[in-house]
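Given the structure is predicted, the values throughout are model-derived calculations rather than measurements. We're numbering straight along the sequence, starting at 1. Heavy-atom basis, side chains included; hydrogens, waters and symmetry copies ignored.
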Amino acid sequence: MMNIGFVGLGIMGAPMAGHLIAAGHTVYLTTLGPVLAELLAAGGKAEASAADVARKADIIITMVPDTPDVETVLFGKNGVAEGLSAGKLVIDMSSISPIATKGFARRINKLGCDYLDAPVSGGEVGAKAASLTIMVGGPEAAFERARPLFETMGKNITLVGGNGDGQTTKVANQIIVALTIEAVGEALLFASKAGADPAKVRQALMGGFAASRILEVHGDRMVKRTFDPGFRIALHQKDLNLALDGARTLGIALPNTATAQELFNTCASHGGRDWDHSAMVRALELMANHAVTTTTS
């Protein structure tokens with residue numbers, strides 16, 4: 001059993017921390033606002049700041065929304081860095097800039113500590129089920145030290161390379177997810193407008209080469225019109241900004257990623273920043289003046 005710190009207890013962080021507590025680790029917790037009562041009832045220990053968490057824990061995990069949030073949590077006033085001592089391990093499981101991540105790792109390394117970037121995929125469902133895909137960048141020894149924790153929170157766990165490579169993998173993941181949501185949305189919109197039942201079309205497609213996890217889960221959301229977030233459009237916009245900014249730096253074109261971002265932007269402009277990212281279909285529906293409808297939803 002380990003002394004673990006967990007900073008950031010949102011939609012994803014809270015269930016992830018809960019799995020660590022359930023596994024018997026001592027888990028020190030802090031977040032914006034009060035720590036959830038159920039985490040405290042399960043045995044988690046609330047702390048006043050990230051620095052306090054870092055002083056008490058040997059491994060500190062951060063799970064916050066964006067690059068500036070990670071920088072603040074790590075290096076701001078009462079941040080993780082203030083509580084570190086040599087030999088500790090910092091793991092950032094947020095989805096942020098690969099370039100900034102490399103800089104954060106160097107700063108943590110100068111304090112005598114290891115750093116892993118370990119963003120996740122699987123959304124709220126995966127976080128609650130402890131079935132997250134975890135993409136890790138950093139030293140192999142630090143990865144092996146953290147592996148038991150990763151195995152408590154996820155299923156598909158891969159050390160991709162050095163610091164920053166985990167975040168690069170997550171950006172690639174988000175490109176694929178966005179473009180596949182767009183494809184599923186177009187397909188179900190086409191089916192509905194043509195007069196077929198999109199629920200039955202989706203069921204048929206799940207048995208063929210077009211089958212995917214996104215067709216299964218997000219196609220179902222589109223048909224049933226259930227757009228409460230698992231993963232908010234605003235967060236996917238952030239991830240695609242990382243992709244498009246990185247593409248400009250690398251001198252490459254990502255034309256379909258740019259299109260997917262514009263569809264998310266359309267949703268956001270219609271009040272949808274907090275919709276689930278499967279609601280990208282609503283932007284397609286606006287252009288078609290037709291909503292995906294079914295007789296069996």
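Within 6.0 Å of CD1 on Ile252 lie more than 12 heavy atoms contributed by other residues, nucleotides or ligands. Lys45 NZ: 12 or fewer foreign heavy atoms inside a 6.0 Å radius. The local environment of CD in Glu140 is sparse, with at most 12 non-hydrogen atoms from other residues, nucleotides or ligands closer than 6.0 Å. Heavy atoms from other residues, nucleotides or ligands lying under 6.0 Å from CD1 of Ile99 number 12 at most. More than 12 heavy atoms of other shown residues, nucleotides or ligands fall within 6.0 angstrom of atom CD in Glu151. Counted within 6.0 Å of CZ on Arg273, heavy atoms from surrounding residues, nucleotides or ligands total 12 or fewer; the atom is thus considered open.
Hydrophobic clustering of Ile, Leu, Val, Met, Phe, Trp and Tyr side chains at less than 4.5 Å, counting indirect connections, keeps Leu39 apart from Ile11. Linking ILVMFWY side-chain heavy atoms closer than 4.5 Å, directly or via other members, places Leu111 and Val73 in a single hydrophobic cluster. Both Val64 and Tyr28 sit in one connected hydrophobic cluster of ILVMFWY residues. Membership requires side-chain heavy atoms under 4.5 Å apart, directly or through other members.
For the pair Val53 and Val80, the minimum side-chain heavy-atom distance is 4.5 Å or more. At a threshold of 4.5 Å between non-hydrogen side-chain atoms, the residues Ile134 and Met93 count as touching. The shortest side-chain heavy-atom distance between Asp92 and Leu116 does not fall under the 4.5 Å cut-off. Proximity of Leu9 to Leu36: side-chain heavy atoms (C-beta onward) are nowhere separated by under 4.5 Å. Side-chain contact between Thr158 and Met135 is absent, with no heavy-atom pair separated by less than 4.5 Å. Looking only at side-chain heavy atoms (C-beta outward), Asp276 and Asp228 stay at 4.5 Å or farther from each other. Leu235 has its side chain within reach of Pro65: a pair of non-hydrogen atoms, C-beta onward, lies under 4.5 Å apart. Counting heavy atoms from C-beta outward, Leu132 and Met12 have side chains that approach closer than 4.5 Å.
When only modelled atom types and interatomic distance are considered, Thr101 and Asp117 share no side-chain donor-acceptor pair under 3.5 Å. No side-chain donor-acceptor contact under 3.5 Å links Ser131 and Lys155. Side chains of Thr168 and Asp165: no donor on one and acceptor on the other come within 3.5 Å.
A salt bridge is defined here as a Lys NZ or Arg NE, NH1 or NH2 lying under 4.0 Å from an Asp or Glu carboxylate O, and Glu285 with Arg225 meets this definition.
Separating the CZ atom in Arg107 from the CZ atom in Phe75 is a distance of 4.5 Å, to the nearest 0.5 Å. Taken to the nearest 0.5 Å, the CD atom of Glu216 stands 12.5 Å off from the CZ atom of Arg221. Taking CD1 of Ile175 as the start and CG of Leu244 as the end, the distance is 7.5 Å to the nearest 0.5 Å. Summarising the geometry, atom CG belonging to Asp114 is positioned 10.0 Å from atom CD1 belonging to Ile91; distances are rounded to the nearest 0.5 Å. Rounding to the nearest 0.5 angstrom, the gap separating the CG atom in Leu215 from the CG atom in Leu205 is 6.0 Å. To the nearest 0.5 Å, atom NZ of residue Lys238 and atom CD1 of residue Ile96 are 8.0 Å apart.
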For this session: Could you please spell out the steps behind the side-chain contact (heavy atoms from CB on, under 4.5 Å) verdict for Leu179 and Ile181?
Result: CA-CA 5 Å; Leu179 270 58; Ile181 291 173; over 6 Å; no
For this session: Kindly determine whether Met153 and Ile61 satisfy side-chain contact (heavy atoms from CB on, under 4.5 Å), including the steps that lead there.
Result: CA-CA 12 Å; Met153 296 181 282; Ile61 297 170; 4.1 Å; yes
For this session: Determine, step by step, whether Leu188 and Val223 satisfy the side-chain contact (heavy atoms from CB on, under 4.5 Å) criterion, reporting the C-alpha distance in whole Å, the side-chain angles of both residues, the deciding distance to 0.1 Å, and the verdict.
Result: CA-CA 8 Å; Leu188 295 182; Val223 167; 4.1 Å; yes
Problem set entry | Thr31 vs Val7, side-chain contact (heavy atoms from CB on, under 4.5 Å): CA-CA, chis, key distance, verdict | CA-CA 6 Å; Thr31 192; Val7 181; over 6 Å; no
For this session: Give the C-alpha distance, both sets of side-chain angles, the deciding distance and a yes or no for side-chain hydrogen bond (donor to acceptor under 3.5 Å, both in side chains) between Asp69 and Thr72.
Result: CA-CA 5 Å; Asp69 303 303; Thr72 298; 5.9 Å; no
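Test Lys170, Gln174, Gln261 against Asp239 for side-chain hydrogen bond (donor to acceptor under 3.5 Å, both in side chains) and you get one pass: Gln174. Among the candidates Ser121, Pro119, Ser95, the single residue satisfying the side chain to side chain contact (heavy atoms under 4.5 Å, CB included) test with Asn173 is Ser121.
Under a 3.5 Å cut-off, the side chain of His236 and the backbone N or O of Arg232 do not form any donor-acceptor pair. At distances below 3.5 Å, at least one donor-acceptor pair connects side-chain atoms of Asn163 with backbone N or O atoms of Tyr115. For the pair Lys56 (side chain) and Gly5 (backbone), a donor-acceptor distance under 3.5 Å is absent. The backbone N or O of Leu242 lies less than 3.5 Å from no partner atom in the side chain of Asp245, so there is not a single donor-acceptor pair. Not a single donor-acceptor pair under 3.5 Å links the side chain of Gln203 to the backbone N or O of Ala199. Without hydrogens or angle criteria, Asn265 side chain to Ser269 main chain gives no donor-acceptor distance under 3.5 Å. Ser94 places no side-chain N or O within 3.5 Å of a backbone atom of Asp66 that could act as its donor or acceptor partner.
Taking the ring centre of Phe227 as origin, the terminal cationic atom of Arg282 falls outside the region bounded by 6.0 Å and 45° from the ring axis.
Between His218 and His277, the angle of the ring planes goes over 60°, which puts this pair in the perpendicular group of the 30/60° scheme.
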